[in-house]
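Report on the following structure.
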Amino acid sequence: MPIRFPRLALAALLPAMMAVPAPAQEQPRSQQARTDLVLGMRLEPPHLDPTAGAAAAIDEVTYANLFEALTRIDADGKVVPGLAERWTVSGDGLTYRFTLREGARFHDGTAADSADVKFSLDRARAADSVNAQKAYFAAIDSVETPDPRTVVVKLSRPDGLFLFHMGTGDAAIVAPETAAANKQTPVGTGPFRFEGWTAGDRVVLVRNPDYDGPKPALERVTFRFIADPAAQVASLQAGDVDTFPQFDTYEALPQFKDDPRFTVTVGTSEGETILATNNGRKPFDDVRVRRALAHAIDPKMLIDGVLFGNGVAIGSHFPPHRDGYLDLTERYPYDVEKAKTLLAEAGYPDGFETVLKLPPPVYARRSGELIAAMLAEVGVRASIEPMEWAAWLEKVFRGKDYDLTVIAHTEPLDIDIYARPDYYFNYRSERFLALEEELNRTQDAARRKSLYGEQQKLLAEDAVNGFLFMLPVTTVQKAGVEGMWVNRPVQANDATAVRWKP
Amino acid sequence: MRRRMPKSLLVGAAITLAVVAAALLSWAWTPYPAEQVRIIARLRPPGPQHWLGTDHFGRDTLSMILVGARNSLAVAASAVLLGAAAGVPLGLAAAAWGRWGDELVARLGDLLFAFPAVLTAMLLTAVLGPGGTNAVLALAVFNAAVLARVTRGAAQQAWRREFVRAALALGRGPLSATLAHVLPNIAGTVIVQATILFAVAILNEAALSYLGLGIQPPSPSWGRMLGDAQTFLFTAPLQAVFPGAAIALTVLGLNLLGDGLRDWLDPRER
């Protein structure tokens, strides 16, 4: 209240001082930029603990706003200081020494020191850990705390992505006193703290007055959950929502682009969208069949039909905007005859019946419908089976009980999933494993690039999955909002640099 | 005996016949192949090339409505016929032999009625998997329960009437009496109920398809067209109007037909 009072007084006095008969509430507004933001999201997070769930919506509320990790991934995908203000890596790539920010505090007022870091990392890699990305912590051998501001992490093997992974929401630093309650009342070290959650409607974060770093321009960020596409459009048109990142009603974009009240940005995500194929199941265990599918699918038509042109094609499991990308989009040109020939060679001159299981997102359902139509052209009769998320995760992702499915893999730099032994693609390649092992041992940037290239080529040659397109990140917002991320190197709605144009 | 046909019967029959004719027509002719995707021609407003416009994949809406009529009618008709095949004999048997069999039929019916029809159908398709055939089965279960209950009630009334009692007194067995006297006497009631159920089945099939549990793409279905059009309400609102109108018209026609038949066949007016 003492902070708020002077400004209120000023606001009341301003019109009088200027002797302009303007309505009292409008004058200050045109002078002073707004300091609150209403941000629209499609899905509500199941809870707010990023260290205990895979749902992207958790990070889309908490990442960089509420929780901090040792490092941070910025809008360009670079690793920048987070809770650790600097770090050194030993020559063998096995020892990381982090120095924490001096005045870092949790929202409950306790200091964020090396003991909290040790607690967080040990908790994430423990046997009973519920962390969704335990693999990120698998290389950690020990975490030592020589003094309150220093953390020494020793790895059992080199991990080229360690600093990147330590910047994800899964590696958020939490306090032992509050960790258990973070799902409902999250306590972090970030520039915003939790104020309230109205289930089914909104989560509100407010500026953390005790934050030791640069203060955000916004005082209050409200995350509103609007699942229905028509309601999303309406909420923007009505002005109820200021910015809608990851707006996936692509068909509505032209109307916002033509409207001067709004700005529309189209950026890149890490979402390689694939026709995931069960390589362990007939007839997809035959590379000729998988190549036939690759020839039968026209990614351009998918990008036009599903994304209304807002997306780029990929030829392997790697995003074009990342270092090491290899353009393999011409490896399997759209060619119905070629596809038929390959199918005939594989012993399916008349095609075959298969099932295409589709999770709920619009991109998956629409892509699936178009893919089924394209496969029909080459004689592959795919019947569509729409599924809810829970069923898809259990049957397809965990149970590997599927032929084909469409899904975007949104974790950054996740080509290593093809090296996982029990992953749902049922893909096994000694050569890929060898490349992955070398990649993990390699720190040299040029060598890493060429290894990534080799991996991409191998996946394309084996036509492991149908590589369709990169899921775009489209943001629709009021013209006055600036500082929102255009791209999504990690799942996040980082509001720390967002401000209203004065 | 001559009785005037109620107007609702004529109107209902006309609408229903028109829908059936559209469905039959779609076997022989549609303006475009209903499943033909042409992204470049998507979301066209109604015009000379596409009389009802095109959807988000550039498929011709009129063609989809026509083939959708066929799919809707096929699912609904199968669901009603299957339901009748199971429900009517059950109801007749319950009335004829009574006792615990009667109780069983009545209580099973109560159990099914405890849930809305769509919910039952959703539960069943969740177990069986989505698809046209399973939608038929799911809706048929509900129809069987309704028809069993209606048949049982009507048949029990018929059993108490003099001509049935007389037939029994003359030595007819329950089966013979049922076939010769009870069934013809209650046929009107059952037919009326089946017509109403047909309308309900059309609605429920649309609801299932809207939820993605009914007829699967690429085969067009009114319910799914409605669901697809929902996200385009701001850009192409007519795409939601046409399948909605088709559903409404069909259901209206069948309801009028059912009401008209009831008035016409009502034994109380004999």
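In what follows, every chain begins at residue 1, and chains take the letters A, B, ... in the order their sequences are listed. All figures in this text were calculated on a predicted structure; none of them were measured in a lab.
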Turns out that what part of A:Ala230 lies under 4.5 Å from chain B's heavy atoms comes down to both
A:Phe244: what forms a ring-ring contact (aromatic ring centres under 6.0 Å, His included) with it, not counting sequence neighbours? A:Phe247
Taking every non-hydrogen atom, the tightest pair across A:Pro320 and A:Ile314: CD-CG2, 3.9 Å
Rounded to the nearest 0.5 Å, the CZ atom of A:Phe469 sits from the CG atom of A:Leu307 at a distance of 4.5 Å
Region of A:Ala234 that comes under 4.5 Å of a non-hydrogen atom in chain B: both
Could you tell me which of B:Pro130, B:Pro217, B:Gly58 has the largest number of non-hydrogen atom pairs under 4.5 Å with chain A? B:Pro217
Euclidean distance, B:Phe142 CZ relative to B:Asn204 CG, rounded to 0.5 Å: 7.0 Å
Below 3.5 Å only, please: all the donor-acceptor pairs between chain B and chain A, one per line.
residue	atom	partner	partner atom	Å
B:Arg42	NH1	A:Asp304	O	2.6
B:Arg42	NH2	A:Asp304	O	3.3
B:Arg59	NH1	A:Glu369	OE2	2.9
B:Arg59	NH2	A:Glu369	OE2	3.0
B:Gln230	NE2	A:Asp228	OD1	3.2
B:Thr231	OG1	A:Glu251	OE2	2.9
B:Thr231	OG1	A:Arg366	NH2	3.0

With a 6.0 Å cut-off (strictly less than), is the heavy-atom count around CZ of B:Phe113, excluding the residue itself, greater than 12? yes
Is the CH2 atom of B:Trp29 crowded by more than 12 outside heavy atoms at less than 6.0 Å? yes
Contact part of B:Leu213 toward chain A, heavy-atom cut-off under 4.5 Å: side chain, backbone, both or neither? neither
Rounded distance [0.5 Å steps], CG in A:Leu370 versus CG in A:Leu375: 11.0 Å
Return the CD1 to CD1 distance between A:Ile407 and A:Ile274, rounded to the nearest 0.5 Å. 8.0 Å
